[in-house]
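Heads up: the structure comes next, in structure tokens.
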Protein chains: 2
Amino acid sequence: MARGEKRPVTVRTIAEHVGVSTAAVSTVLANRHEERRLAPATVEKIRAAVRELGYVPNVAARRLRAHDPEVNHHELGILTTFEAPLFLVSRVLRQVQRMADARTGPGRRFSVSIDMFHAGRLREMPGLLSASRFNGVIVTNTLPEDDAFLAATALPYAVVVLGRRLPNHCCVLDTPGEIGRRAAEILLKADSRHPVVLTPALLTQSTAERAEAFVAAVRGQEGRDSARVIAAGFTPAAGAEALRAHLGAGLDCDGVFAVTDGLALGAYQAIKDAGKGIPRDIAVVGVGDHEHADFFDPPLTCVGPSNEAIVEQAVAQLFQLMGQRRGKASEIFVPPSVVRRASA
Amino acid sequence: MARGEKRPVTVRTIAEHVGVSTAAVSTVLANRHEERRLAPATVEKIRAAVRELGYVPNVAARRLRAHDPEVNHHELGILTTFEAPLFLVSRVLRQVQRMADARTGPGRRFSVSIDMFHAGRLREMPGLLSASRFNGVIVTNTLPEDDAFLAATALPYAVVVLGRRLPNHCCVLDTPGEIGRRAAEILLKADSRHPVVLTPALLTQSTAERAEAFVAAVRGQEGRDSARVIAAGFTPAAGAEALRAHLGAGLDCDGVFAVTDGLALGAYQAIKDAGKGIPRDIAVVGVGDHEHADFFDPPLTCVGPSNEAIVEQAVAQLFQLMGQRRGKASEIFVPPSVVRRASA
DNA sequence: GCTTGAACCTAAAACGATTTAGCATTTTCG
DNA sequence: CGAAAATGCTAAATCGTTTTAGGTTCAAGC
């Protein structure tokens, strides 16, 4: 990493240190000293200085300099947290790629990157506010802190928010409350009298909403609250342990709505360990956030966000926003997808 | 996307078009026209021109301008294909971020992102050759074309290649051939006499290597080649169909090495459908590239790349390379991780 | 002694955006 | 009416790098 403590090191620093011009330094850095006939001794001195001073090239400057005025470059970002799973992000990525490829040509290029922030600290992301990183972004998996930040800020470029409802932004999300409602409907129609909802202790906004809506729907139909089974985390292991405890305590349970497929997988294990059948004794409904939910044993019935549709909408919005200048706020609701499989 | 066909549009184009200075245009673009007291009529004219001309800001220029000379900025990239899963790269990202955070201070900042290229077209990635995008990169999921490109090019910044063996580069990968060898060992020791290897039709370099080494190891031990069961794709569905066909044809099979956990999941289904037991009738070994391999039913025994170790090594190499100036070539082999579970 | 050419190096102009300092006007107000 | 303040805008500097078009010196050739 070298010293560089005192001053930032630029080509100019090096040039002064050696006693040559910046042109000479640049020539050496680009390894063009042969064709430009710099004296070997000079080259060596410059190289030594570069090493000694710990020079780090400024990529922004290089990029600007290397820029070809004939093509304009669109920098697209997919912003998510370090903590969240990448299931949705990878779908977004592919859809962005598809749209970008279709629009690429001479004179127009796209770069797509995934940038991660620490949950709740979106505001600290360098270049977000100064608009010096992206021409357009899709933001997802935000925490309330991040939402507050976004709501309070009008970013001067195209922004699409995925899965959250924010004033002054273009938002694409599944119809609020609908997932929990439909999940309850499926379990109740399958004659579950004591459906429970399996959630992690720390709820995200979406999981909280699913659980709320589920409980509300059961209350509306059955007239009483369904039990909440709280897992320590969102891993299968945590889900298994929580449900095992619930069943072990002899509490009623003939239906499980897991707000995450990972938890559903844990539920499967707990149910099987208890010697019960799925869905014979206990029906299970997941949300379809696991790649291979159709390969669980038995295949998992899911009521969850219709990811294809959401992603398609979001990406379409992004490109539309980049086309016109004004970032109009809008809310787009996508109804959940219901996939009946064997588990309920 | 607007016209912009004829000329590249910059703030200057807009300024000339409206008849104001670039300062005025910039002010409007940054939404600072209130505090800088531009006349509303002017603001509207500028906005109209911005829209009409299809202006796209140049992020490199913005970044350069926004640059604070007191801090030097390191741009780190994790390069992967659009097509590859994000499982490994997200681990890399997390590890890079961890190291970067530890080195961040006043005067030193890092940006880390996952950047996408089209498989086989790494060379087309803008800024790679001109060194105008990254101060250091970790490259993964390359195709042979990409490897050829890398082998022929000496990029003038820190490069670590993950999972491939390239001359003149710093490479980190799992010990060649070891995965297939260990997988064969496990199946044979479990008294499998007719182990098969389940692969997708289109092999990646790693999957091809695993299959080769497996076949070679079985041949070495048993004196004859093990069957290859070829699936149409790498999805569970494809794996299930392929193995079903193999079993249906009455061919011998009492052990499966699936070069991908997705295929293993498919194998599970085919085996269960055939009324056989795992591992009683057919043992299965996967590679551990699935997040929840320990929650398959039965939990999947895996011999696969030791991702933690590989990632840790690769990231450590990246930072070391960035510290010293000269990029030395090196090869680092990481032995596979073996996780015995219930399936073999 | 003068020209020519090689060898080695530099000044300055880009690249595209933002901001600071300041210049004209016009309005306000004592 | 004249000074002060507000209004609306611009010129020019700046960020760090690369490259083009030369400029100087020195040695060789006539």
Side-chain angles (χ1 to χ4, degrees), chain A residues 7-16 18-46 50 53 55-73 75 127 129-133 135 156-157, chain B residues 7-16 18-46 50 53 55-73 75 127 129-133 135 156-157:
Chain A
R7 310 251 78 211
V9 180
T10 70
V11 277
R12 193 162 156 190
T13 321
I14 298 168
E16 282 164 2
V18 178
V20 294
S21 71
T22 60
V25 177
S26 179
T27 299
V28 172
L29 287 173
N31 275 317
R32 324 261 311 249
H33 48 276
E34 306 264 287
E35 67 185 89
R36 299 233 185 101
R37 289 180 308 214
L38 284 202
T42 314
V43 173
E44 258 326 301
K45 271 192 287 182
I46 291 175
V50 164
L53 298 174
Y55 170 69
V56 178
N58 179 319
V59 293
R62 278 198 175 157
R63 197 119 82 91
L64 175 56
R65 175 61 229 225
H67 172 74
D68 173 359
E70 291 303 308
V71 331
N72 67 15
H73 208 106
E75 203 74 35
L129 284 165
S130 55
S132 61
R133 242 189 117 81
N135 297 111
Y157 49 94
Chain B
R7 310 251 77 211
V9 180
T10 70
V11 278
R12 190 161 158 192
T13 322
I14 298 167
E16 282 164 2
V18 178
V20 293
S21 71
T22 59
V25 176
S26 178
T27 299
V28 171
L29 287 172
N31 275 316
R32 324 262 310 249
H33 48 278
E34 307 263 289
E35 66 186 89
R36 299 232 185 102
R37 291 180 308 217
L38 285 201
T42 314
V43 173
E44 259 326 300
K45 270 191 289 185
I46 292 174
V50 164
L53 299 174
Y55 170 69
V56 179
N58 179 320
V59 293
R62 281 196 174 157
R63 202 113 85 86
L64 175 55
R65 175 60 230 229
H67 172 74
D68 173 357
E70 291 303 306
V71 329
N72 72 11
H73 208 105
E75 200 73 36
L129 283 165
S130 55
S132 62
R133 242 189 115 85
N135 297 111
Y157 46 94

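Every chain is numbered from 1, with letters handed out A, B, ... down the list of sequences.
- Between R37(B) atom CZ and dA5(D) atom C1' there is a gap of 10 Å when expressed in whole angstrom units.
- The separation between I46(A) atom CD1 and dC8(C) atom C1' is 11 Å, rounded to whole Å.
- T42(B) places no side-chain N or O within donor-acceptor distance of the main-chain N or O of L38(B), the cut-off being under 3.5 Å.
- Distance, L38(B) CG to dA24(C) C1': 16 Å, rounded to whole Å.
- Atom CZ of R63(A) is separated from atom C1' of dA14(C) by 18 Å (rounded to the nearest Å).
- Between the CD atom of E16(A) and the P atom of dT10(C) there is a distance of 12 Å, rounded to whole Å.
- Between the NZ atom of K45(B) and the P atom of dG8(D) there is a distance of 13 Å, rounded to whole Å.
- S132(B) comes within contact range of no nucleotide atom at all, as no heavy-atom separation falls under 4.0 Å.
- For the pair L29(A) and Y55(A), the tightest heavy-atom approach, listed with the atom from each and the gap, is CD1-CE2, 3.6 Å.
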When you check every protein heavy atom under 4.0 Å of nucleotides 14-28 of chain D, what one-letter string (B, S, -) results, 5' to 3'?
BBBBBB---------

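- Between R62(A) and E75(B) there is no salt bridge, since no side-chain nitrogen of the basic residue lies less than 4.0 Å from a carboxylate oxygen of the acidic one.
- Atom CD in E35(B) sits roughly 11 Å away from atom C1' in dT19(C) (whole-Å rounding).
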